[in-house]
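To keep things clear, I will list the structure first and then write my remarks on it.
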Amino acid sequence: MQNKNICPPKLFLLHFCKAQAAELEIRSRLWLLMNGEELTEQETALYDRQIRVWGADAQRRLSKSHILVYGMKGTAAEFCKNIVLAGVGSLTLVDDGAVTEDALSSNFLILPDENVCAEKTVAELCCNSLKVFNPMVRVSVEKGDLSSFGGDFFDRFDVVIVSCCTLMTKKSINEKCRKLSKRVAFYTVDCRNSCGEIFVDLQKHIYTKKKLDENNQPTTVECELQYPSFQESISVPWRTLPRRVSKLYFAMRVIERFEEAEGRNPGEISIEDLPAVLKLKKEICEAQSMNESHIPNALMERLVMGRREFPPVCAIIGGILGQEVIKAISGKGDPLQNFFFFDAMDGKGVIENISYPSLCN
């Protein structure tokens, strides 16, 4: 005869898990109260599942963070959706461009309504859609050329992301962020057809991660990484880099140089430009003491003719970028250092640390 006072194993496990969850919640709330910053009841209810994943402290930091995104292409739209759902404090969009067929093909935040699209900029249309995703996040639009904004403007943010912009703009904004008294995380993201790239500059980044100690017990350790700027990274001589470095790294630098020399914006090149791009590739490879066959002509052709972003690649790159920004804000987990590449042709994602030896960790 079964003793009714003894819980079945599954029921006992359920009660145990609930008790553990309750204790963790109490500990989290006590910590927040002691530090004077507690999530509201509404935030706790809305973000309950992700709090269970990365903790109340990480969620609190997210809810206090301010993010700037320049260039609302398809990849940036995917990132914004992810970060708004995660519960950041505020998101500011900058893109005064009008809606084009290319934008409609990859940016799911823009509704195909001709009457609405004709009256508003890309940033304004994306802003309206993002507000629906999470009303608790403050989403706004800033107008103007971001490269002309002074350092005081960027001081308002914790994270700055520039998407599909010129080489000069990337360098300029990165340097402005680095000159600020506080640390501002800087990212660039580009998607060309079936290929994507992310660059990360967290300057001096201190974070924690979990590992096993000498007794094979889980423990939390503090780590530090030093990041180079975008200018410093692309200035590393190619001949000093390992041969295994992603071919996409070199190919993207050639495309940037070509667009800069021709005064083009990203996406303003076509297959007719391929002979000139291959000529520049040969010149750069000779100057860098690299065999030009290391950068396949077929890859250069795809980047040149890939004017439109490939939506599935946008989703992948935007997801990775969202994950990295959350890690940077929360200070938890190993961050990406300092380039990420993805090519849908082989389905591989590759992390490359392009730094001078003194900065490599």
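- When all heavy atoms of Val236 and Leu241 are compared, the closest pair comes out as CG1-CD2, 3.8 Å.
- Between Val159 and Ile329, the closest side-chain pair of non-hydrogen atoms falls below 4.5 Å.
- At a threshold of 4.0 Å, the pair Glu256-Lys171 does not count as salt-bridged, since none of the basic side-chain nitrogens sits closer than that to a carboxylate oxygen.
- Put simply, Val350 and Ile316 are part of two different groups of oily side chains (I, L, V, M, F, W, Y) that touch within less than 4.5 Å, one to the next.
- We find the CG-CD distance between Asn291 and Gln288 to be 13.5 Å, quoted to the nearest 0.5 Å.
- Salt bridge Asp158/Lys182: present, at least one basic N to carboxylate O contact under 4.0 Å.
- Taking the ring centroids of Tyr249 and Phe339, they lie under the 6.0 Å cut-off.
- With a 4.5 Å cut-off on side-chain heavy atoms, Val69 and Cys80 count as touching.
- A salt bridge links Glu259 with Arg192: at least one charged nitrogen is closer than 4.0 Å to a carboxylate oxygen.
- Between Glu260 and Arg257 there is no salt bridge, since no side-chain nitrogen of the basic residue lies less than 4.0 Å from a carboxylate oxygen of the acidic one.
- Counting only distance, with no hydrogens or angles, the side chain of Asn107 and the backbone of Leu109 share a donor-acceptor pair below 3.5 Å.
- For Ser235 and Gln231, the side-chain atoms include at least one donor-acceptor pair closer than 3.5 Å.
- Taking Phe340 as the reference, nothing meets the ring-ring contact (aromatic ring centres under 6.0 Å, His included) condition, with sequence neighbours excluded.
- The aromatic rings of Phe153 and Phe149 sit perpendicular to each other, their planes meeting at more than 60°, with 30° as the lower class boundary.
- Under the 4.0 Å criterion applied to side-chain N and carboxylate O atoms, Lys170 and Glu175 are not assigned as salt-bridge partners.
- Contact between Lys120 and Asn128 at its shortest, heavy atoms only, is NZ-ND2, 3.0 Å.
- For Arg61 (side chain) and Ser330 (main-chain N/O), a donor-acceptor pair under 3.5 Å exists by modelled atom type.
- In this structure a side-chain-to-backbone donor-acceptor pair under 3.5 Å is present from Lys281 to Glu292.
- Evaluated for a ring-ring contact (aromatic ring centres under 6.0 Å, His included) with Phe199, the options Phe341, Tyr187, Phe230, Tyr227 yield exactly one hit, Phe230.
- Side-chain N or O atoms of Ser233 include one that pairs as donor or acceptor with a backbone N or O of Ile354 at under 3.5 Å.
- Side-chain atoms of Leu278 and Phe258, non-hydrogen and from C-beta on, never get closer than 4.5 Å to each other.
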Side chain to side chain contact (heavy atoms under 4.5 Å, CB included) assessment of Tyr207 paired with Lys332: CA-CA 6 Å; Tyr207 65 100; Lys332 294 184 177 181; over 6 Å; no
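- Pairing each heavy atom of Val254 with each of Met300, the nearest pair is CG1-CE, 3.7 Å.
- Note that CD1 of Ile234 is 10.5 Å distant from CD of Glu232, once rounded to the nearest 0.5 Å.
- Here the shortest heavy-atom pairing between Phe250 and Ser246 reads CD1-O, 3.6 Å.
- Checking side-chain atoms of Asn82 against main-chain N and O of Glu78 turns up a donor-acceptor pair under 3.5 Å.
- In this structure, Phe154 places its CZ atom where more than 12 heavy-atom neighbours from other residues, nucleotides or ligands lie under 6.0 Å away.
- Salt bridge status for Asp273 with Arg264: present, with a side-chain N to carboxylate O gap under 4.0 Å.
- The shortest side-chain heavy-atom distance between Phe79 and Val84 does not fall under the 4.5 Å cut-off.
- Ser172 and Thr169 share no donor-acceptor pair across their side chains, judged by distance under 3.5 Å alone.
- When all heavy atoms of Phe342 and Leu248 are compared, the closest pair comes out as O-CD1, 3.7 Å.
- Judged by distance alone, with hydrogens and angles left aside, the side-chain atoms of Arg183 form a donor-acceptor pair with the main-chain N or O of Leu202 at under 3.5 Å.
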Chi angles and distances behind the side chain to side chain contact (heavy atoms under 4.5 Å, CB included) call for Ile161, Leu68: CA-CA 6 Å; Ile161 296 166; Leu68 173 70; over 6 Å; no
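- Under a 4.0 Å N-O distance rule, the pair Lys73/Asp95 does not qualify as a salt bridge.
- In summary, Lys327 and Asp334 do not engage in a salt bridge, as defined by a charged side-chain N under 4.0 Å from a carboxylate O.
- A donor-acceptor pair under 3.5 Å is absent between the side-chain atoms of Asp190 and the main chain of Glu197, judged by distance alone.
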Derivation of the side chain to side chain donor-acceptor pair (under 3.5 Å) call for Gln226 and Lys204: CA-CA 5 Å; Gln226 188 72 41; Lys204 181 180 179 180; 5.9 Å; no
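- Between Lys176 atom NZ and Asp152 atom CG the span is 11.0 Å, to the nearest 0.5 Å.
- By the neighbour-count criterion of 12 heavy atoms within 6.0 Å, atom CE of Met345 is sparsely surrounded, having that number or fewer from other residues, nucleotides or ligands.
- Rounding to the nearest 0.5 angstrom, the gap separating the OG atom in Ser65 from the CD1 atom in Ile83 is 7.0 Å.
- Listed here is the closest heavy atom pair of Ser229 and Asp201: CA-OD2, 3.8 Å.
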Leu91/Arg138 under side chain to side chain contact (heavy atoms under 4.5 Å, CB included): CA gap, chis, key distance, verdict: CA-CA 6 Å; Leu91 175 65; Arg138 300 183 300 278; over 6 Å; no
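- A salt bridge links Arg156 with Glu142; the closest basic N to acidic carboxylate O contact falls under 4.0 Å.
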Side chain to side chain contact (heavy atoms under 4.5 Å, CB included) between Cys285 and His294, worked out: CA-CA 9 Å; Cys285 285; His294 189 68; over 6 Å; no
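- Annotation: side chain of Asp343 is not in contact with side chain of Lys348 (no heavy-atom distance under 4.5 Å).
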